[in-house]
There are 2 protein chains.
Amino acid sequence: MTQAAVLQTLNDQATTILRERIISGALPPGSRVLEIELAEELGISRGTLRAALQQLSFEGLVVQKRFRSTFVASLTAQDAYEVYTMRNTLEAMAARIVAGRVTDRVRTEISQAIADMRSAAKAKNRVAVVNADYRFHRCIVDLSGHARLQAAYGLIEAQTRLFLRITSTLDYDLTGILQVHQALMEAILSGDGEGAELLARDHNTPDGARMVEMLKQMEEACS
Amino acid sequence: MTQAAVLQTLNDQATTILRERIISGALPPGSRVLEIELAEELGISRGTLRAALQQLSFEGLVVQKRFRSTFVASLTAQDAYEVYTMRNTLEAMAARIVAGRVTDRVRTEISQAIADMRSAAKAKNRVAVVNADYRFHRCIVDLSGHARLQAAYGLIEAQTRLFLRITSTLDYDLTGILQVHQALMEAILSGDGEGAELLARDHNTPDGARMVEMLKQMEEACS
DNA sequence: ATCATTTAGATTGTTGACAATTGAAATGTC
DNA sequence: GACATTTCAATTGTCAACAATCTAAATGAT
């Protein structure tokens with residue numbers, strides 16, 4: 001436990017730890033979570049753990065059933081569809097807002113994010129491109145100054161990371177991704193809100209569709 | 001307490017009761033919430049009440065400060081801006097989705113909602129029109145079949161109701177509202193996703209702007 | 001008198017024990 | 001043997017007491 005974390009409450013610490021475990025796959029999707037077990041392992045009481053689980057349930061990372069148990073969220077094709085469409089919608093909203101108020105700070109931060117993505121694409125480093133992608137959109141959402149948008153996007157971003165272990169098996173057109181984001185940047189910086197919204201809304205639809213298709217086949221194979 | 005509510009947990013019941021009190025104004029915006037006090041009044045333990053308050057803080061109806069207290073959310077002009085823009089974005093997303101899969105059920109339910117709004121507008125009943133407005137959009141969101149969209153919209157809808165006591169002092173163009181929603185219905189039922197999205201996105205922007213302006217003036221007057 | 005320090009009261013964060021509910025194994029009936 | 005009924009262990013929901021923290025009044029030094 002770092003010293004900065006001491007300022008947080010036990011509840012918050014537990015939430016952070018469990019969130020990381022779920023996203024990393026240490027707690028696999030669909031697995032059952034026993035409160036006593038986890039509480040003992042984390043060295044906290046059941047009540048405190050329950051508060052953390054309630055938080056994660058709101059974030060969509062676990063599902064709670066009355067008087068039954070808590071389960072790590074499992075990812076169906078429907079979930080993938082929902083996460084990708086919601087993500088696109090929120091990113092489009094953020095792009096439109098930021099395009100409407102371009103400041104020097106907006107120019108420098110977005111340009112920097114694109115520069116990172118460009119070097120990652122040149123190095124053909126898939127993981128680095130994906131991370132740059134996350135930072136680029138997170139940057140735009142932050143710049144929007146819209147607290148509710150930021151909160152909603154945070155939830156969806158966490159759920160998006162749940163799919164990373166599956167998407168990592170797919171191969172991406174890195175330069176294509178870079179070009180699309182570059183176009184989005186230009187639309188935003190030129191103040192073209194409508195254009196930015198449309199670009200953001202559709203900019204990763206094909207990847208999302210591939211992911212949904214993949215999960216559908218996996219579901220059919222398992223049934 | 002109804003018989004159906006018995007199946008719910010005390011936590012859920014408390015959450016429902018407090019949500020209603022906040023939306024109705026029985027717990028006024030900005031007021032401090034003392035856990036012991038409220039727990040005793042509701043006849044539940046502090047732990048159970050805390051779970052309910054945590055849920056309401058997720059929903060944005062209360063704000064919790066570490067080791068300090070819980071306060072009913074107060075409504076700034078920024079909050080009004082955020083709630084209205086987010087609401088429009090989510091309604092636009094729902095409209096586009098539903099326009100892409102128009103079924104008989106979609107036709108009947110949306111038509112019914114518009115019929116209700118029409119009769120309310122003819123009777124010049126402002127409250128009834130507002131309620132029909134809520135039902136209309138809730139109907140579309142439900143028809144989308146998008147669980148995450150439904151959840152996000154539920155949060156925003158609750159926050160929208162917080163502004164009702166302020167907006168109720170404004171006078172609305174009831175027939176204008178009806179016409180806009182009728183156009184939105186036609187776009188959806190004709191399968192025009194793009195058109196429906198645009199209509200929904202902008203359909204109450206002027207009212208939102210008026211509200212934001214009103215709150216800004218109130219804030220300046222109070223400072 | 002003003003400002004830093006101490007202290008006391010109030011309030012929240014945390015815990016361990018108790019009550020209510022569930023699912024399945026054990027039992028009984030046909 | 002198949003099916004309904006009855007335990008019972010496991011697990012979650014709820015509670016009341018304890019510890020940690022914050023706010024503000026009381027105290028003291030300059």
Side-chain angles (χ1 to χ4, degrees), chain A residues 1-22 27-74, chain B residues 1-22 27-74:
Chain A
M1 211 66 55
T2 70
Q3 212 162 14
V6 172
L7 292 177
Q8 286 181 0
T9 178
L10 275 183
N11 179 349
D12 293 332
Q13 294 176 23
T15 305
T16 301
I17 293 175
L18 290 181
R19 191 186 294 114
E20 286 170 356
R21 285 197 190 179
I22 292 173
L27 286 174
S31 63
R32 189 175 183 181
V33 175
L34 293 189
E35 295 179 357
I36 304 176
E37 216 173 273
L38 248 185
E40 279 186 5
E41 186 189 334
L42 296 179
I44 59 179
S45 82
R46 249 190 71 222
T48 303
L49 176 72
R50 278 171 67 80
L53 288 179
Q54 192 180 354
Q55 165 84 31
L56 294 173
S57 157
F58 176 75
E59 297 180 11
L61 296 182
V62 304
V63 177
Q64 292 183 309
K65 304 185 177 180
R66 300 184 327 126
F67 281 107
R68 221 170 154 294
S69 257
T70 302
F71 298 85
V72 178
S74 49
Chain B
M1 210 65 56
T2 71
Q3 212 162 12
V6 172
L7 294 177
Q8 286 181 1
T9 177
L10 276 182
N11 179 349
D12 294 333
Q13 293 177 18
T15 306
T16 301
I17 292 176
L18 290 181
R19 191 187 294 115
E20 285 170 357
R21 284 197 189 180
I22 293 174
L27 287 174
S31 63
R32 189 175 183 182
V33 175
L34 292 188
E35 296 180 357
I36 303 177
E37 217 173 273
L38 249 185
E40 279 185 5
E41 186 189 335
L42 296 179
I44 59 179
S45 82
R46 249 190 70 223
T48 303
L49 176 72
R50 278 172 67 78
L53 288 178
Q54 190 180 1
Q55 170 72 30
L56 293 174
S57 90
F58 296 150
E59 299 180 10
L61 296 181
V62 303
V63 177
Q64 291 184 309
K65 304 184 178 179
R66 298 187 321 128
F67 280 107
R68 206 154 170 308
S69 255
T70 302
F71 299 86
V72 178
S74 49

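A note on names: the letters A, B, ... follow the listed sequences, proteins ahead of strands, and every chain is numbered from 1. Quick caveat, the model's predicted, so the values are computed rather than measured.
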Open item on the list: Whole angstroms only, please: what is the CG-P distance between Leu42(B) and dC15(D)?
Closed with: 11 Å
TODO: Quick one: closest heavy-atom pair of Ser74(A) and Pro29(A), and the distance?
DONE: CA-CB, 3.9 Å
Task: Atom-to-atom span, CD of Gln55(A) to C1' of dG13(C) - whole angstrom - done: 16 Å
TODO: Look at Thr9(A) and dT14(C) and indicate whether a side-chain polar atom (N or O) is within less than 4.0 Å of OP1 or OP2.
DONE: yes
- [ ] May I ask you to decide if Leu27(B)'s main-chain N or O and Ser31(B)'s side chain share a donor-acceptor pair within less than 3.5 Å?
- [x] no
TODO: Using whole Å, report how far CD of Gln8(A) lies from P of dG13(C).
DONE: 13 Å
Open item on the list: For DNA chain C, which residues of residues 43-52 of chain B approach it to below 4.0 angstrom with any heavy atom?
Closed with: Arg46(B), Arg50(B)
Task: Nucleotide dT14(C), atom P - distance to CG of Asn11(A) in whole Å - done: 6 Å
TODO: Write down the distance between CZ (Phe67(B)) and C1' (dC22(D)), rounded to a whole number of angstrom.
DONE: 9 Å
- [ ] Send over the distance from Lys65(A) NZ to dG13(D) P, rounded to a whole Å.
- [x] 13 Å
Open item on the list: What is the distance, to the nearest angstrom, from the CD atom on Gln64(A) to the P atom on dT21(C)?
Closed with: 18 Å
Open item on the list: Does a side-chain N or O of Thr70(B) approach OP1 or OP2 of dT12(C) to a distance below 4.0 Å, or not?
Closed with: no
Task: All pairs passing salt bridge (charged side-chain N to carboxylate O under 4.0 Å, His left out) where residues 31-42 of chain B contributes a residue, at least two apart - done: Arg21(B)-Glu41(B), Glu35(B)-Arg46(B), Glu35(B)-Arg50(B)
Task: Value in whole Å for how far the P atom of dT12(D) lies from CD of Glu37(A) - done: 10 Å
Task: Heavy-atom side-chain proximity of Ser57(B) to Thr70(B) below 4.5 angstrom - done: no
TODO: Measure across Ala51(A) and Asn11(A) and return the closest heavy-atom pair with its distance rounded to 0.1 Å.
DONE: CB-ND2, 3.3 Å
Open item on the list: Would the distance check show the side chain of Thr16(A) and the main-chain N or O of Asp12(A) forming a donor-acceptor pair, the cut-off being under 3.5 Å?
Closed with: yes
- [ ] Taking only the side-chain nitrogens and oxygens of Arg68(A), find out if one of them lies under 4.0 Å from OP1 or OP2 of dT21(C).
- [x] no
Task: Flag, side chain of Gln64(A) to backbone of Phe71(A), donor-acceptor distance under 3.5 Å - done: no
